[in-house]
Amino acid sequence: MSREPVHLPRTVAEFAAQAYALEAEAAERYAELADLMRTHHNAPVAALFDKLAHLEGLHRDKLRGRLMGPAPGDAGAFRWQTPEGPETTDYADLHYLMTPWHALKLAEHNEQRAVAFFEHLAVADVPEDVRAEALEMVADEREHVRLVQEWLAKLPEPGPGWDEDPDPPNVVD
Ligand code: ZN
């Protein structure tokens, strides 16, 4: 399900309220993906996700500073989706064998959603200060897409059977 803003922000504070959940979610997911890659002993990709967690955390904190009231709760939160779409699975249920390639595809998909979210606001009928904020976020999120795609280009796409466990538990022949 799409989480487009239900109304256009009329102030930077309203913009911050709409964008905060997106950035908080991204920072949290990247920290999780970094940990996941560490368990796969993939230090370079873990470092990339650590960097992105830091960058999204900076966005989150900047937006937090522009909120007028308390940080929005989970209502209307922007949740990450798997590339297959929102209906497939909860993030928490993602395959335990997920490879760095899959983790990067997940990141690419959600960075592209972030770009689309801010582009939508940047071209909408909003005050110029809100447009300026949105355009800044578009540029930053495009850079995140670029970082992720740069890494994806280095990795071969896993072939069919990547998720077959050669020694599955609890199998009786
Ligand atoms: Zn991003």
Side-chain angles (χ1 to χ4, degrees), residues 1-6 8-9 12-38 40 42-67 71-86 88-92 94 98-124 126 129-155 157:
M1 100 196 70
S2 163
R3 294 282 188 169
E4 299 291 333
V6 290
L8 293 172
V12 169
E14 282 187 6
F15 168 81
Q18 291 184 347
Y20 177 86
L22 184 154
E23 299 298 338
E25 169 88 359
E28 195 179 320
R29 293 299 162 226
Y30 278 126
E32 289 174 6
L33 287 177
D35 285 344
L36 182 65
M37 291 301 106
R38 270 187 282 277
H40 285 264
N42 192 321
V45 177
L48 170 70
F49 288 144
D50 279 335
K51 177 180 175 178
L52 286 164
H54 174 71
L55 292 173
E56 308 289 17
L58 293 177
H59 279 171
R60 178 199 57 213
D61 296 344
K62 182 173 107 173
L63 292 164
R64 181 79 188 81
R66 290 174 187 185
L67 292 169
D74 200 47
F78 186 103
R79 309 303 299 185
W80 267 33
Q81 296 177 349
T82 60
E84 292 76 27
T88 49
T89 180
D90 191 84
Y91 178 83
L94 283 176
M98 187 169 72
T99 65
W101 186 89
H102 290 90
L104 287 161
K105 286 303 272 188
L106 178 72
E108 179 191 35
H109 175 75
N110 287 285
E111 290 296 347
Q112 286 169 337
R113 288 178 69 214
V115 169
F117 177 89
F118 290 115
E119 278 178 341
H120 168 79
L121 293 179
V123 300
V126 292
D129 55 352
V130 171
R131 189 183 323 285
E133 294 278 335
L135 284 170
E136 200 178 309
M137 296 302 251
V138 166
D140 285 2
E141 298 300 345
R142 280 191 183 140
E143 173 64 11
H144 300 171
V145 171
R146 195 192 65 76
L147 282 168
V148 168
Q149 288 179 338
E150 191 176 85
W151 256 102
L152 269 172
K154 299 179 192 177
L155 296 176
E157 182 173 349

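Each ligand, and each atom within it, is numbered from 1 in the order the structure gives.
- Residue E56 approaches the Zn ion (ligand 1) most closely through its N/O/S atom OE2.
- When distances to the Zn ion (ligand 1) are checked against a cut-off of 2.8 Å, H59 contributes no N, O or S atom below that limit.
- Remark: the backbone N or O of A53 is not paired with any side-chain donor or acceptor of R29 at under 3.5 angstrom.
- Electrostatic pairing of K51 and E56 does not count as a salt bridge here, judged by no charged N lying under 4.0 Å from a carboxylate O.
- When the Zn ion (ligand 1) is compared with the N/O/S atoms of E141, atom OE1 turns out nearest.
- Residues E133 and R66 are paired through a salt bridge, judged by an N-O separation under 4.0 Å between the basic side chain and the carboxylate.
- Salt-bridge check for E150 with R146: passed, with a basic side-chain N closer than 4.0 Å to an acidic carboxylate O.
- Within the 2.8 Å limit, D140 places no N, O or S atom next to the Zn ion (ligand 1).
- Remark: aromatic rings of H54 and H59 are distant, center separation not under 6.0 Å.
- The minimum distance between the Zn ion (ligand 1) and any N, O or S atom of H144 involves atom ND1.
- Looking only at its N/O/S atoms, E111 has OE1 as the one nearest to the Zn ion (ligand 1).
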